[in-house]
Amino acid sequence: MTSLTIRQPDDWHLHLRDGAMLGAVLPHSAWAARAIIMPNLVPPVVTLADARAYRDRIMASLPAGQAFEPLMTLYLTEATDPDDVQAAAASGLVKAVKLYPAGATTNSQSGVRVIDNVMPVLERMAAIGLPLCVHGEVTDASVDIFDREAVFIERVLEPLTRRLPDLRVIMEHVTTADGVQFVEEAGIGGTITVHHLIINRNHILAGGIRPHYYCLPVAKREMHRLALRRAATSGKAGFFLGTDSAPHPDSAKETACGCAGCFTAPNTLSCLAHVFEEEGALDRLEAFASLNGPAYYGLEPNEAQVTLVKRDQPVSFPTHIDAGDETVTVFDPGFPLHWEVQT
Ligand code: NCD
Ligand code: ZN
């Protein structure tokens, strides 16, 4: 197959940041019609008013001619008011609430320490059908970083889904076979990134430390990467694309204590087509990238279509983009890419 036409994809987990960075990265997500916009700004997007103001800044940064619908989220804190969440959902502007365990990842300091403290919000969300996006890692310092997702399932996610069976939960950026199995068994949603389909932990650590492959949850062993590939290419309704494209200035990545995040927006669809072709599953790319996500969120799939074309020669992508005075490194899959979005 050398050409593939599918409904236009969406991105169910995206970091756009703010200010100059927002302006620099937004055009690179033009392949997506819609995206769930992560609220982990400094300060975070906590209220409906914050979400409305952030949405306005995104729309003001949109290049002329780019159609893009930001699906806003609220950052759940222990002070979040259930009534504000309900009003946010009713406004139609906010499509989900994001749960960060406090300290789990970039800008998660204001997140949740004790899940019981947010139960009134979660109960309200279950009642009104507003989805909860979950960063699924424990922050317990005694738990090995490679085990934090599996332990989170056991300690937090499984009890939560049992306690609130009506809550629509999305386990974000699933990185383990345990996560894949839980998404299926619990009948919840699970997003998968492009980079976790491509790299395992050796890419980060073997033969030198590669900060641009460091993200959270951190990439795991090869067996987990293979489980993610099977899940993404299965066509099963629970699994859909959430890139977690997370730009950071190179100066903040290439340093003694580099921060977490891979910037995959520019080559997402090329990487994805490559992976699905390797798995003999190009016919299931549309389910993963364009159909399962909207279905889980109760939205219609996009009417517009995109065509991916396989070129004989490798397609080139920039190694970096400029963002204000900084540069941001684009994810390097480590192999030539031949699939290109036809424009
Ligand atoms: C994200 C970021 O930089 O905001 N980083 C990451 O490694 N994925 C936060 C997140 O989604 O965990
Ligand atoms: Zn993220």
Side-chain angles (χ1 to χ4, degrees), residues 10-19 21-22 24-26 28-29 32 35-45 54 58 70-76 95-112 131-139 145-146 148-149 152 156 170-176 179 189-199 201 203-205 209-220 228 240-255 257-265 268 293 323 326 328-331:
D10 303 300
D11 187 349
W12 300 96
H13 181 138
L14 175 64
H15 299 271
L16 288 177
R17 316 300 191 201
D18 218 337
M21 185 66 95
L22 166 62
V25 301
L26 184 53
H28 295 283
S29 287
I36 284 279
I37 309 300
M38 286 296 126
N40 62 333
L41 305 181
V42 188
V45 177
Y54 185 29
I58 295 169
L71 307 175
M72 307 309 290
T73 62
L74 298 183
Y75 186 120
L76 182 61
K95 295 290 189 257
V97 170
K98 172 72 186 244
L99 166 62
Y100 289 106
T105 187
T106 308
N107 302 335
S108 60
Q109 309 84 309
S110 323
V112 174
L132 178 73
C133 297
V134 180
H135 183 108
E137 289 190 285
V138 292
T139 54
I145 189 163
F146 293 102
R148 287 182 181 188
E149 181 170 295
F152 184 87
V156 183
I170 296 128
M171 183 177 177
E172 299 190 282
H173 38 49
V174 176
T175 62
T176 58
T191 59
I192 300 178
T193 75
V194 166
H195 50 284
H196 288 114
L197 295 172
I198 294 175
I199 61 167
R201 63 195 198 177
H203 291 83
I204 313 171
L205 295 170
I209 185 157
R210 292 188 180 72
H212 297 292
Y213 289 147
Y214 174 63
C215 70
L216 288 171
V218 70
K220 310 293 192 300
L228 296 171
F240 40 95
L241 174 65
T243 65
D244 195 16
S245 180
H248 290 278
D250 285 333
S251 60
K253 298 276 299 171
E254 299 170 4
T255 178
C257 183
C259 53
C262 296
F263 178 52
T264 49
T268 292
E326 298 273 5
V328 178
T329 293
V330 175
F331 176 71

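All values derive from a computational prediction rather than experimental measurement. In listed order, ligands and their atoms are each counted from 1. These numbers come from the heavy atoms of this one structure, side chains and all, not from hydrogens, waters or symmetry mates.
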Side chain or backbone, does [X] bring an N or O within less than 3.5 Å of an N or O on ligand 1?
X      : result
Tyr100 : no
Lys98  : no
Cys215 : no

Measuring from non-hydrogen atoms of [X] to any atom of ligand 1, is the shortest distance under 4.0 Å?
X      : answer
His13  : yes
Arg17  : yes
His248 : yes

ask   = Side chains of Lys220 and Thr175: donor-acceptor distance under 3.5 Å anywhere?
value =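 Distance-only check passes for Lys220 and Thr175.
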
query = Between Glu326 and Ser251, does any side-chain donor sit less than 3.5 Å from a side-chain acceptor?
reply =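 Present: a donor and an acceptor within the cut-off.
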
query = Are any non-hydrogen side-chain atoms of Leu216 and His173 less than 4.5 angstrom apart?
reply =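 No, side chains not in contact.
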
query = Can you tell if the side chain of Tyr54 reaches within under 4.5 Å of the side chain of Pro70, non-hydrogen atoms only?
reply =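 Sidechains of Pro70 and Tyr54: no contact.
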
Would you say [X] has an N, O or S atom lying under 2.8 Å from the Zn ion (ligand 2)?
X      : result
Glu172 : no
His13  : yes
His173 : no

Among all protein non-hydrogen atoms, which one is nearest to [atom], and what is the separation to 0.1 Å?
atom                   : answer
atom 9 (C) of ligand 1 : Thr105 OG1, 3.3 Å
atom 1 (C) of ligand 1 : His15 NE2, 3.6 Å
atom 8 (N) of ligand 1 : Asp244 OD2, 2.7 Å
atom 7 (O) of ligand 1 : Leu216 N, 2.7 Å

ask   = Counting heavy atoms only, which of Val218, Asn107, Thr193, Asn40 is nearest atom 4 (O) of ligand 1?
value =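 The residue whose heavy atom sits nearest atom 4 (O) of ligand 1 is Asn40.
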
request  = Find all atoms of ligand 1 within a distance of less than 4.0 Å from any non-hydrogen atom belonging to His135, and give their numbers and elements.
outcome  =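 With His135 as reference, the close atoms of ligand 1 come out as 12 (O).
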
message = If you consider just the N/O/S atoms, which atom of Asp244 is the closest one to the Zn ion (ligand 2)?
response =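 This residue's closest N, O or S atom turns out to be OD1.
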
